[in-house]
Amino acid sequence: MAIQLPIYMDYHATTPVDPRVLDAMLPYFNSKFGNAASRSHVFGWTAEEAVGHARETLARFIGASNPKEIVFTSGATESDNIAIKGVAEFYKDKGNHIITSVIEHKAVLDTCKRLEKQGYEVTYLKVDKYGRVDPDDVASAITDKTILVSIMLANNEVGTVQPIAEIGKITKSKGILLHSDAVQGVGKIPFNVEQMGVDLASVTAHKIYGPKGIGCLYVRRSKPRVRITSQMDGGGHEFGMRSGTLNVPGIVGFARAAELLIEEGEAESARIVSLRERLRTRLWKELDAIQLNGSPDRRLPGNLNVSFSFVEGEAMMMAIKDVAVSSGSACTSASLEPSYVLHAMGIGDDLAHSSIRFGLGRFTTEEEVDFVADLVIRKVNKLRDMSPLYEMHKEGIDINSVQWAAH
Amino acid sequence: MAYSDKVIEHYENPLNVGTLDKNDEQVGTGLVGAPACGDVMRLQIKVGEGGVIEDAKFKTFGCGSAIASSSLATEWLKGKTIDEAETIKNSMIAEELHLPPVKIHCSVLAEDAIKSAIADFRAKQQAKRELTGAAPSGAAKSAASASAE
């Protein structure tokens, strides 16, 4: 079968809506268009029933014991904001200290920065070379003022899976709340709020083959009952935690996407891991001077983050323009700063500039992987033929020993 | 990042990629930039009789704009005298390639590389004169070529 171009290998950024998800959603745009908050007629009841069913599915998806613990939001950025600001505000008399890590998503980091301006104190934990937070660091950062720990389930750039269960044990024993941005990991690796001792979790539909603009925040209701100050005033929807008319088609799609992963997630992850390993094996076999960024074993199934030394990331993306990937290179960002995640892992700026993130997913095929491997190998070699650094490397010159004039 | 057709053309079919013998006394080499900044350019010129640049080669580690800027720079250098080469400005490169503001530094780097290659060539000539005590041939040559035009 002929390869269809372009090839999508950026599943961490977003995913296409699964056709089965779309089918489930469609009736809720027209024939079942009611407002879930309308209590007085069948249109409202139909919508409310669909939302109730979705809540149950999503609770099951993340191992929550009560469907009322699912609070629908517009997505993970909003969920992160509500969780962190909502807890900080509600528990401000108890303490003003929050612990997070330096490699969190900006929705967490920038929320924490805003709170710092308001007088809260935030500890940003460092990570090891694989991008992993050490649970012992969490334990030792806790003070009598700590109210919340926020650590992601898995990192979006390098795919490193965090020891959430171990961190959950610590926060439980100290009576501190644990929030986890579970966006990248949920449905792909084991995640269970009860088993892992998670009190708040952010999830979004568009990373799991659902639609954009819908997500949820898990808010634990017992042992302990988590309270948050709502960040959106209005009609008191979602148990008073998030006002705003519910996006019923989105919620139905979100739940259907979760349902598919409950049924097929394990098999899907196994298949994606084997595709990723197929890609990795080819690249490592045929190219020298390449480095895996992130953990060799504790890693998201579809993530392969690679630095191709002596080749700049943006040039690489241009060279493989028929393949959609991401890079940690500064040249791809508006800020001209290389990836803060790679930097936090101790990866030099030169290697950060050379990093490419391949994100494989549900619709990735073996043929696509082989095509991408061939293309990448060819283009890396071409760009290296053009790279003065590769020539120096071949001559045995250590690039790091050269005195470069920063500009 | 939306690139101009000219950047894409130079990027996909770069001109004058390669290496000249850096120990050749007629070759000037400029190596500018830094790996940590995401771009390193090495630009080389081979200067012939009359101070005319006979050949120019580059190798660049950098984004598409950096590669295109170096490709264009080498193309412009060939056939020019080193005095003429010195008049190439980054703004000319940026304009020719329609570089977006965020990529202007790539053209600056190309200008630096040209200047650095010329400086290296001149330093070699100076060293040669000091070694042999000969008359300043480089200056005489470029003056001769200027008057010949």
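Chain letters run A, B, ... following the sequence lines, proteins first, then strands; residues in each count from 1.
Partners of Ser355(A) under the side chain to side chain donor-acceptor pair (under 3.5 Å) rule, at least two apart in sequence or in another chain, do not exist in this structure.
Contacts with chain A were tallied for Ile8(B), Thr60(B), Thr19(B); Thr60(B) has the most, counting heavy-atom pairs under 4.5 Å.
A donor atom on one side chain and an acceptor atom on the other are not found under 3.5 Å apart for Thr364(A) and Arg276(A). Residues Glu104(A) and Ser101(A) bring a donor and an acceptor atom of their side chains to less than 3.5 Å of each other. Neither side chain, Ser354(A) nor Ser307(A), offers a donor N or O lying under 3.5 Å from an acceptor on the other.
The pair Lys126(A)-Asp137(A) does not count as a salt bridge, with every side-chain nitrogen at least 4.0 angstrom from each carboxylate oxygen.
Remark: Ile7(A) CD1 to Glu368(A) CD distance equals 5.0 Å, nearest 0.5 Å.
Asn400(A) does not touch chain B: none of its heavy atoms, backbone or side chain, sits under 4.5 Å away.
The side-chain tip of Arg362(A) points at the ring of Tyr209(A) from less than 6.0 angstrom away and within 45° of straight on.
Within residues 11-18 of chain B, the residues having any heavy atom less than 4.5 Å from a heavy atom of chain A are, in residue-number order, Tyr11(B), Glu12(B), Pro14(B), Val17(B).
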